Student: 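My structure is below; once you've seen it, I'll send some questions.
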Amino acid sequence: VQLQASGGGLVQAGGSLRLSCAASGRAFSRYTTAWFRQAPGKEREFVGVIGGGDPSTYIVDSVKGRFTISRDNAKSTVYLQMNSLKPEDTAVYYCGTDFTTLCQGLGDFGTWGQGTLVTVSS
């Protein structure tokens, strides 16, 4: 499986963006996929995850109610819908995937996309 993240850009605070994580390779629907982000000068942090097969989701408290994760298996794509964006959401967003359970560690995901930059202006 290979991943291609897209959808980032510059948006004003309060705005919305939808990030996409498109996969190549078969059986992606069975892969658990997560979104992480890395702000300048900070470590990469977990944002949310969606399971493979059973599309359970988990979102961290800091973005809960604003961000949602979904997947379209027909398009082999996982989405991160981001609403009510804040300047502190500015980061490079990465998607990672693996054939695993619902988890949230960096080491749990063996395949990564290249990242897409989200910049939120105040």
Side-chain angles (χ1 to χ4, degrees):
V1 174
Q2 293 183 320
L3 302 180
Q4 178 77 33
S6 62
L10 174 64
V11 63
Q12 289 188 331
S16 298
L17 283 173
R18 188 178 75 162
L19 306 184
S20 298
C21 178
S24 62
R26 296 191 299 178
F28 179 66
S29 61
R30 300 172 62 194
Y31 280 62
T32 293
T33 302
W35 286 97
F36 288 74
R37 66 185 182 184
Q38 188 165 17
K42 296 188 177 181
E43 294 185 350
R44 193 172 299 190
E45 65 175 1
F46 172 79
V47 174
V49 62
I50 186 166
D54 172 17
S56 301
T57 62
Y58 176 78
I59 295 282
V60 294
D61 287 344
S62 60
V63 302
K64 192 172 292 183
R66 299 190 296 121
F67 291 11
T68 57
I69 291 181
S70 62
R71 68 189 306 153
D72 183 339
N73 290 330
K75 296 182 178 180
S76 295
T77 300
V78 168
Y79 302 100
L80 181 67
Q81 178 67 46
M82 306 186 297
N83 299 327
S84 302
L85 282 161
K86 303 176 181 180
E88 52 263 43
D89 295 319
T90 294
V92 177
Y93 284 71
Y94 298 89
C95 54
T97 196
D98 216 318
F99 188 64
T100 184
T101 57
L102 210 66
C103 46
Q104 54 184 283
L106 275 171
D108 294 323
F109 301 95
T111 299
W112 293 88
Q114 82 288 3
T116 185
L117 176 62
V118 172
T119 304
V120 184
S121 63
S122 57

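Note: hydrogens, waters and symmetry copies are ignored here, and every other heavy atom, side chains too, is used. Start at 1 with the first residue, then count along the sequence. Every value quoted in this text rests on a predicted model; they were computed, and no experiment measured them.
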Student: Roughly how far apart are Leu106 CG and Glu43 CD, rounded to 0.5 Å?
Tutor: 8.5 Å
Student: For the atom pair OG (Ser76) and CZ (Arg71), what is the distance rounded to the nearest 0.5 Å?
Tutor: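 One gets 8.5 Å once the value is rounded to the nearest 0.5 Å.
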Student: Can you see which heavy atom on Val49 is nearest to which on Ile69, and at what distance?
Tutor: N-CD1, 3.1 Å
Student: Looking only at non-hydrogen atoms, find the nearest pair between Ala23 and Val1 and report the distance.
Tutor: CB-CG1, 4.0 Å
Student: Which residue in the set Ile59, Thr57, Leu80, Thr68 passes side chain to side chain contact (heavy atoms under 4.5 Å, CB included) when paired with Ile50?
Tutor: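 Among Ile59, Thr57, Leu80, Thr68, the one meeting side chain to side chain contact (heavy atoms under 4.5 Å, CB included) with Ile50 is Thr57.
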Student: Do any N or O atoms from the side chain of Gln114 and from the backbone of Ala5 form a donor-acceptor pair under 3.5 angstrom?
Tutor: yes
Student: Hey, are the side chains of Val47 and Met82 touching, using non-hydrogen atoms and a 4.5 Å cut-off?
Tutor: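 Val47 vs Met82: side chains apart.
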Student: Please check if Val118 and Leu10 belong to a single hydrophobic cluster, counting links between Ile, Leu, Val, Met, Phe, Trp and Tyr side chain heavy atoms closer than 4.5 Å.
Tutor: no
Student: If only atom types and distance count, is the side chain of Thr100 paired as donor or acceptor with the main-chain N or O of Asp98 below 3.5 Å?
Tutor: no
Student: Work out which heavy atom in Ser16 is nearest to a heavy atom in Asn83; give both atom names and the distance.
Tutor: OG-OD1, 2.9 Å
Student: More than 12 foreign heavy atoms under 6.0 Å from CD of Glu45: is that the case here?
Tutor: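 Yes - once you tally the heavy atoms of other residues, nucleotides and ligands closer than 6.0 Å, there are more than 12.
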Student: Parallel under 30°, tilted from 30 to 60°, perpendicular over 60°: which one fits the rings of Phe28 and Tyr31?
Tutor: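 Taking Tyr31 first and then Phe28, their aromatic rings lie parallel (interplane angle under 30°).
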Student: Same cluster or not: are Phe109 and Tyr79 linked, directly or through other Ile, Leu, Val, Met, Phe, Trp or Tyr residues, by side-chain heavy atoms under 4.5 angstrom apart?
Tutor: no
Student: Applying salt bridge (Lys or Arg N to Asp or Glu O under 4.0 Å) to Asp61 and Lys64, what does each step give before you reach the verdict?
Tutor: CA-CA 5 Å; Asp61 287 344; Lys64 192 172 292 183; 3.1 Å; yes
Student: Check Thr77 against Ser20 and note the closest heavy-atom contact, atom names and distance.
Tutor: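 Shortest heavy-atom separation between Thr77 and Ser20 comes out as CG2-CB, 4.0 Å.
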Student: Taking atom OG1 of Thr119 and atom CG of Asp89, what is their separation to the nearest 0.5 Å?
Tutor: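 So the gap between those two atoms works out to 11.0 Å.
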Student: Measure the spacing between CZ of Arg66 and CG of Leu85 and express it to the nearest 0.5 Å.
Tutor: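 So the CZ of Arg66 and the CG of Leu85 are separated by 6.5 Å.
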Student: Between CG of Leu17 and CG of Leu19, what distance do you get to the nearest 0.5 Å?
Tutor: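 Result: 6.5 Å between the selected atoms.
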Student: If you compare all heavy atoms of Gly52 against all heavy atoms of Thr32, which two are closest, and at what distance to 0.1 Å?
Tutor: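 Distance-wise, the nearest heavy atoms are N-OG1, 3.4 Å.
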Student: Given side chains that start at C-beta, do those of Phe67 and Val60 come closer than 4.5 Å, heavy atoms only?
Tutor: no
Student: If I compare all heavy atoms of Phe46 with all of Cys103, which pair ends up nearest, and what's the gap?
Tutor: CE1-O, 4.0 Å
